[in-house]
Protein chains: 2
Amino acid sequence: MHVPAENDIIELMRDHEITPTQQRLEIAQILFTKPQHLSADQVLAMVNQDSALVSKATVYNTLKLFANKGLVKEVIVDPAKVFYDSTTTPHYHFYNVDTGTLTDIEVREMPVGNLPDLPEGTEAEGIDVIIRVRSSSHTT
Amino acid sequence: MHVPAENDIIELMRDHEITPTQQRLEIAQILFTKPQHLSADQVLAMVNQDSALVSKATVYNTLKLFANKGLVKEVIVDPAKVFYDSTTTPHYHFYNVDTGTLTDIEVREMPVGNLPDLPEGTEAEGIDVIIRVRSSSHTT
DNA sequence: ACTTGGCCTAGACAGAGTCTAAGTGTTCGG
DNA sequence: CCGAACACTTAGACTCTGTCTAGGCCAAGT
Ligand SMILES: [Mn+2]
Ligand SMILES: [Mn+2]
Ligand SMILES: [Zn+2]
Ligand SMILES: [Zn+2]
């Protein structure tokens, strides 16, 4: 299962209670061709590179919808923009602050201890682990 | 050593190769009264609540300067704004996505495994661990 | 046909953060 | 002292990501 067929994507969306529309399909096709980390702006550019298919508002709305329904995961590492991760299984990230590149870390490569006691009246939603790196031989 | 005296702060700044100016002192006084996580906007409001002492540009410039010199640490958990942490010793964070509140986690409360192999040509700069929580009894 | 409801869209808008160009000290050489 | 050099500060314009608004479109149901 590499580049998923349109039918697979429609089924995936139905599984997650998302009505499949033409625009959502265009966006999903781009996201789910491979594991990747894309900003909304990148998705907007990619989806419209041949012809204008999807508006800016719909790209933002759709990515947020996908995130809420668990189809993609938001990754917040850059104060300037959100990345959307097409891989939703638990994993962590390297973030190269020089290049802006995200790289996945398998959980087994970096075990993290159990959750500490949560603050009163809260429940856990997820753990983000980000290892910030910079490109070597920096004139620091 | 609670509310640090002006002289302590000047020495701290000199130690970090920061020329102490009136505006930088105003900002430092607010930051270092206690361990806390403040956005630039909050610092701007606090520093000017009595009389207009420091401009917006200087607040942003100063916080970035302090971060570069290691006086404060940037915490990136919210796509809308950066938090500045007056505690620079290693620790992790809870982030309540409902209230926007950051809470510290001591490293000993949540041991994290050794660093995995870094991507080619990079060196580590730091590890961020964020446990996202939401306030209980949510109508999800 | 008409209504309803979900979806899409252009473009206005909001808010965090940056930049620019001018002003204000402060230091330092003569 | 005096003037040049330099670092710092500032108002306000500007940029950029993301949100909102108000109307248009379309498919389904009656
Ligand atoms: Mn799923
Ligand atoms: Mn230090
Ligand atoms: Zn990832
Ligand atoms: Zn902290």
Side-chain angles (χ1 to χ4, degrees), chain A residues 9-10 13-14 16-31 37-48 51-69 71-85 95 97 100 102, chain B residues 9-10 13-14 16-31 37-48 51-69 71-85 95 97 100 102:
Chain A
I9 292 185
I10 290 179
M13 289 177 63
R14 292 236 160 88
H16 288 260
E17 297 180 307
I18 296 168
T19 309
T21 67
Q22 193 53 48
Q23 288 83 352
R24 289 170 184 172
L25 274 173
E26 296 290 342
I27 293 169
Q29 305 247 25
I30 282 173
L31 288 172
H37 311 91
L38 297 175
S39 67
D41 234 47
Q42 289 177 297
V43 173
L44 180 62
M46 292 169 79
V47 84
N48 289 324
S51 48
L53 297 173
V54 187
S55 74
K56 178 179 146 187
T58 296
V59 168
Y60 278 92
N61 288 343
T62 299
L63 288 172
K64 184 169 289 184
L65 176 70
F66 283 5
N68 288 339
K69 298 295 191 179
L71 258 187
V72 297
K73 207 165 113 34
E74 294 185 346
V75 181
I76 298 168
V77 288
D78 184 321
K81 59 179 173 300
V82 174
F83 286 99
Y84 291 88
D85 194 335
Y95 182 62
V97 297
L102 278 166
Chain B
I9 291 185
I10 291 178
M13 290 177 63
R14 292 235 160 85
H16 289 260
E17 297 180 307
I18 297 168
T19 308
T21 67
Q22 193 51 49
Q23 288 83 350
R24 289 169 184 173
L25 275 173
E26 297 289 344
I27 293 169
Q29 306 246 25
I30 282 173
L31 288 173
H37 310 91
L38 297 175
S39 67
D41 233 49
Q42 288 177 297
V43 172
L44 180 62
M46 291 170 81
V47 84
N48 289 323
S51 48
L53 296 174
V54 186
S55 72
K56 178 177 146 189
T58 296
V59 168
Y60 277 91
N61 289 343
T62 299
L63 288 172
K64 183 168 291 185
L65 176 70
F66 283 7
N68 288 339
K69 298 295 191 181
L71 258 186
V72 298
K73 206 165 115 32
E74 295 186 345
V75 181
I76 297 167
V77 287
D78 184 321
K81 58 182 175 299
V82 174
F83 287 99
Y84 291 89
D85 192 337
Y95 182 61
V97 296
L102 278 166

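Sequence lines set the chain letters: A, B, ... in the order given, protein chains first and strands last, and positions in each chain run from 1.
Summarising the geometry, the separation between CD on E74(B) and P on dG17(C) is reported as 9 Å, rounded to the nearest angstrom. What separates CZ of R24(B) from C1' of dG25(C) is a distance of 13 Å, to the nearest Å. Here the C1' atom of nucleotide dC8(D) and the CD atom of E26(B) are 15 Å apart, to the nearest Å. Rounded to whole angstrom, the span from the CZ atom of F83(B) across to the P atom of dG17(C) amounts to 10 Å. Rounded to an integer number of Å, the gap from CG of L44(A) to P of dA10(C) is 10 Å. Q22(B) has its CD atom 11 Å from the P atom of dT26(C), to the nearest Å. In this structure, CG of L65(A) is placed 17 Å from P of dG18(D), rounded to the nearest angstrom. Computed from coordinates, the I18(A) CD1 to dC7(C) C1' distance equals 14 Å when rounded to whole Å.
Contact annotation: S39(B) side-chain N/O to dA16(C) OP1/OP2 distance is not under 4.0 Å. An OP1 or OP2 oxygen of dT9(C) is reached within less than 4.0 angstrom by a side-chain nitrogen or oxygen of Q23(A). The phosphate of dA7(D) (OP1 or OP2) has no side-chain N or O of T21(B) nearer than 4.0 angstrom. Put simply, K64(A) has a side-chain N or O that comes within less than 4.0 Å of OP1 or OP2 on dT19(D). Contact check, Y60(B) against dT18(C): no side-chain N or O comes under 4.0 Å of OP1 or OP2.
Judged by distance alone, the side chain of H16(B) and the main-chain N or O of K69(B) form a donor-acceptor pair under 3.5 Å. A donor-acceptor pair under 3.5 Å links the side-chain atoms of N48(B) to the main chain of V54(B), judged by distance alone.
Residue-to-nucleotide contacts include no donor-acceptor pair under 3.5 Å from the side chain of K56(A) to the base of dG11(C).
When distances are taken from the side chain of V54(B) to each of dC7(C), dT10(D), dG18(D), the shortest belongs to dT10(D).
Taking both residues in full, the closest heavy atoms of V59(A) and I27(A) are given as CA-CD1, 3.9 Å, listed atom of the first, atom of the second, then distance. The minimum heavy-atom distance between F66(A) and R24(A), with the atom names listed, is CZ-O, 3.9 Å.
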- Query: What do the steps show when you test V72(B) against L31(B) for side-chain contact (heavy atoms from CB on, under 4.5 Å), and what is the final call?
  - Reply: CA-CA 9 Å; V72(B) 298; L31(B) 288 173; 3.8 Å; yes

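Summary of the strand contacts: D41(A) and A57(A) both lie near DNA chain D, and taking for each the nucleotide with the nearest heavy atom, the more 5' one is attributed to D41(A). DNA chain C is contacted by both A80(B) and N61(B); A80(B) maps to the nucleotide lying nearer its 5′ end (nearest heavy atom per residue). Residues S55(B) and P79(B) each lie close to DNA chain D; by heavy-atom proximity, the contact nearer the 5' end of the strand is made by S55(B).
Using a 4.0 Å heavy-atom criterion, one finds that L63(A) contacts no nucleic acid atom at all. Backbone-only contact: L53(A) has heavy atoms under 4.0 Å from sugar-phosphate atoms and none from a base. Base contact: T58(A) has a heavy atom under 4.0 Å from a base atom.
No side-chain heavy atom of V82(B) sits less than 4.5 Å from a side-chain heavy atom of V75(B).
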